[in-house]
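Here's the structure, in structure tokens; my notes come after.
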There are 2 protein chains.
Amino acid sequence: MPHTTMLSRPASTAQQVHDWLYQRIIRGELPPGTRISETEIGDRIGLSRQPVREAFIRLAGEGLAEIRPQRGTYIGKISVMSVLSARLIREAVESDLCRMVAGLRPDLSQMEAELVIQQQADQDKDVAEFIASDDRFHHAIATAAGQPAVWQDLERLKSQMNRLRHMSMRVFDRSQTIAQHRAILEALQAGNADAADAGIRLHLRQMLTELPEMAAAQPDYFTE
Amino acid sequence: MPHTTMLSRPASTAQQVHDWLYQRIIRGELPPGTRISETEIGDRIGLSRQPVREAFIRLAGEGLAEIRPQRGTYIGKISVMSVLSARLIREAVESDLCRMVAGLRPDLSQMEAELVIQQQADQDKDVAEFIASDDRFHHAIATAAGQPAVWQDLERLKSQMNRLRHMSMRVFDRSQTIAQHRAILEALQAGNADAADAGIRLHLRQMLTELPEMAAAQPDYFTE
DNA sequence: CAGACTTTACTTGTATGGAAGTATACCATA
DNA sequence: TATGGTATACTTCCATACAAGTAAAGTCTG
């Protein structure tokens, strides 16, 4: 196979439309159940239906949109089952990753830096920045374990969780999240695999309490 | 298998094209690196380029095809990183699931039945049936743990692994796989969480020895 | 007024024609 | 022979037209 060029060509129009919609969905700007239309979006951004349609297909493949033939396309509701499933998978995987990190004793300075960023974002009430740093913190665990590809796979599963987090982060206490992160980091720095394991599991079980509350507050945003 | 709509409506043409190509890729009938073309496939099955194109987009989203703009579309090579990542995730998740099953002591008769099927398929050298039963065996673990949705998520990650298995199952000893399955089942029946955990981890690490051998035998089918 | 039928305005699905880009065979030239 | 330009035959990408299906408003009928 010919060598793949490192020079990144400008992404295709369909790709750009997909990314734009993806971000809007994850951030909650397009609420679950919202109806979207190929022609309507195409007209608004000056494109034909085709690239928009292809973006819809990709979103449906990611579980973020539901295409009902001849009826319309809708922003998918947040699947409670998907969130619980992704949460369980994250707990199992990140638990193993933490044990690997505790054994490797690698450099963890990036995780320290993210903790500082999270404190600042908490003070500034910058939800988007807090979530972004939270992701980088967990990503750093996978990297420190020598398994960066694992995080890529988790990202795909996380999309439903991320939508929930954008909702819940505005409501729930972020300082508790920071404290849990610190406990995990200290256990990793000490090379204490059992403590790191327990810390990450406790941290990721936080969602088990947040999910029912958010589902009760906005029942029409969720589906079983 | 990609999620097929349970609706009675016949699937769209694009969906059928996708499913057809998906099966051919997983089974190795379309080897990695094979060039496929919208027009060529469309002509062969009597369709226009559009439905075929949309099937390509879906396959690319699943990591099974690579669309190179203005150049061509190719069956994706088996990503070693993806296989290793999916394997690590499976080990972590199924380990946790086994611990849950050992605590719940549910009915495990389906897993017993699958063991019988696997022995028969081994004798008959029916590779496809053996793999199908293998999948049902692991699926039953998730179901017994009360987490059927988790298996759906693992399925999406498993596609690259499945391609490898269709290659390696013809080469490697299947009786060893059966013995490992039996050890796991007996540990679960005894409610021995530690033994079940150790058994499933040993079982899933089998791939760590198979992968390098297959990659060495068919290097042009793989990419890092 | 209630209910069934019809019209109409949407939706997504598919087909087709060109636009832009790429790779290769061909050929002239030194 | 080796080299570089050029024509040509592809590819995917996007726009457009039409087909098939849905849903809801409007209308007729009892």
Side-chain angles (χ1 to χ4, degrees), chain A residues 1-22 25 30 32-77, chain B residues 2-22 25 30-77:
Chain A
M1 184 174 299
H3 101 113
T4 58
T5 172
M6 281 297 183
L7 301 174
S8 58
R9 296 154 44 91
S12 73
T13 318
Q15 174 81 31
Q16 293 179 42
V17 175
H18 167 272
D19 293 350
W20 177 62
L21 290 171
Y22 181 93
I25 295 172
L30 286 173
T34 305
R35 179 170 182 162
I36 54 180
S37 149
E38 297 174 358
T39 53
E40 193 263 335
I41 291 183
D43 289 348
R44 187 160 48 169
I45 60 183
L47 287 172
S48 76
R49 282 178 47 210
Q50 208 53 45
V52 180
R53 171 175 176 77
E54 296 178 0
F56 283 12
I57 291 173
R58 295 187 48 188
L59 291 171
E62 296 168 306
L64 295 176
E66 182 187 358
I67 302 173
R68 287 189 249 178
Q70 274 74 43
R71 295 169 141 220
T73 299
Y74 300 82
I75 303 297
K77 303 202 173 187
Chain B
H3 100 286
T4 53
T5 78
M6 284 296 185
L7 299 176
S8 55
R9 174 203 305 280
S12 73
T13 322
Q15 177 79 31
Q16 294 180 41
V17 174
H18 167 271
D19 293 353
W20 177 62
L21 290 172
Y22 182 92
I25 294 172
L30 286 173
T34 304
R35 179 171 182 161
I36 53 180
S37 150
E38 296 174 359
T39 53
E40 193 262 337
I41 290 183
D43 290 348
R44 184 158 46 158
I45 59 183
L47 287 172
S48 74
R49 304 194 314 267
Q50 203 55 42
V52 180
R53 171 175 175 77
E54 297 180 358
F56 284 10
I57 292 173
R58 283 185 163 97
L59 291 171
E62 296 167 305
L64 294 177
E66 182 187 358
I67 301 174
R68 288 191 249 173
Q70 273 73 44
R71 293 168 149 218
T73 300
Y74 299 82
I75 304 298
K77 303 202 172 186

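Here is the naming used below: chain letters follow the sequence lines, and residue numbers restart at 1 for every chain.
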Distances for protein N or O near nucleotides 11-14 of chain D N or O, under 3.5 Å:
{"residue": "D:dT11", "atom": "OP1", "partner": "B:Ser37", "partner atom": "OG", "Å": "3.2"}
{"residue": "D:dT11", "atom": "OP2", "partner": "B:Thr39", "partner atom": "OG1", "Å": "3.3"}
{"residue": "D:dT12", "atom": "OP1", "partner": "B:Ile36", "partner atom": "O", "Å": "3.4"}
{"residue": "D:dT12", "atom": "OP1", "partner": "B:Thr73", "partner atom": "OG1", "Å": "3.3"}
{"residue": "D:dT12", "atom": "OP2", "partner": "B:Glu38", "partner atom": "N", "Å": "3.3"}
{"residue": "D:dT12", "atom": "O4'", "partner": "B:Gln70", "partner atom": "N", "Å": "3.4"}
{"residue": "D:dT12", "atom": "O2", "partner": "B:Gln70", "partner atom": "NE2", "Å": "2.5"}
{"residue": "D:dC13", "atom": "OP2", "partner": "B:Arg53", "partner atom": "NH1", "Å": "2.5"}
{"residue": "D:dC13", "atom": "OP2", "partner": "B:Arg53", "partner atom": "NH2", "Å": "2.9"}
{"residue": "D:dC13", "atom": "N4", "partner": "B:Arg49", "partner atom": "NH2", "Å": "3.0"}
{"residue": "D:dC14", "atom": "OP1", "partner": "A:Thr13", "partner atom": "N", "Å": "2.7"}
{"residue": "D:dC14", "atom": "OP1", "partner": "A:Thr13", "partner atom": "OG1", "Å": "2.4"}

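- Applying the salt bridge (charged side-chain N to carboxylate O under 4.0 Å, His left out) rule to A:Arg53 yields the partners A:Glu38, B:Glu54; only residues at least two apart in sequence or on another chain are considered.
- In this structure, CD1 in A:Ile36 is found 6.5 Å from CG in A:Leu59, a value given to the nearest 0.5 Å.
- The two atoms that bring B:Ala14 and B:Ala55 nearest to each other are O-CB, 3.8 Å, heavy atoms only.
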Side-chain donor-acceptor pairs under 3.5 Å in residues 39-50 of chain B, sequence neighbours left out?
{"residue": "B:Thr39", "atom": "OG1", "partner": "B:Ser37", "partner atom": "OG", "Å": "3.0"}
{"residue": "B:Ser48", "atom": "OG", "partner": "B:Gln50", "partner atom": "N", "Å": "3.4"}

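- To the nearest 0.5 Å, the span separating CD1 on B:Ile57 from NE2 on B:His18 amounts to 11.5 Å.
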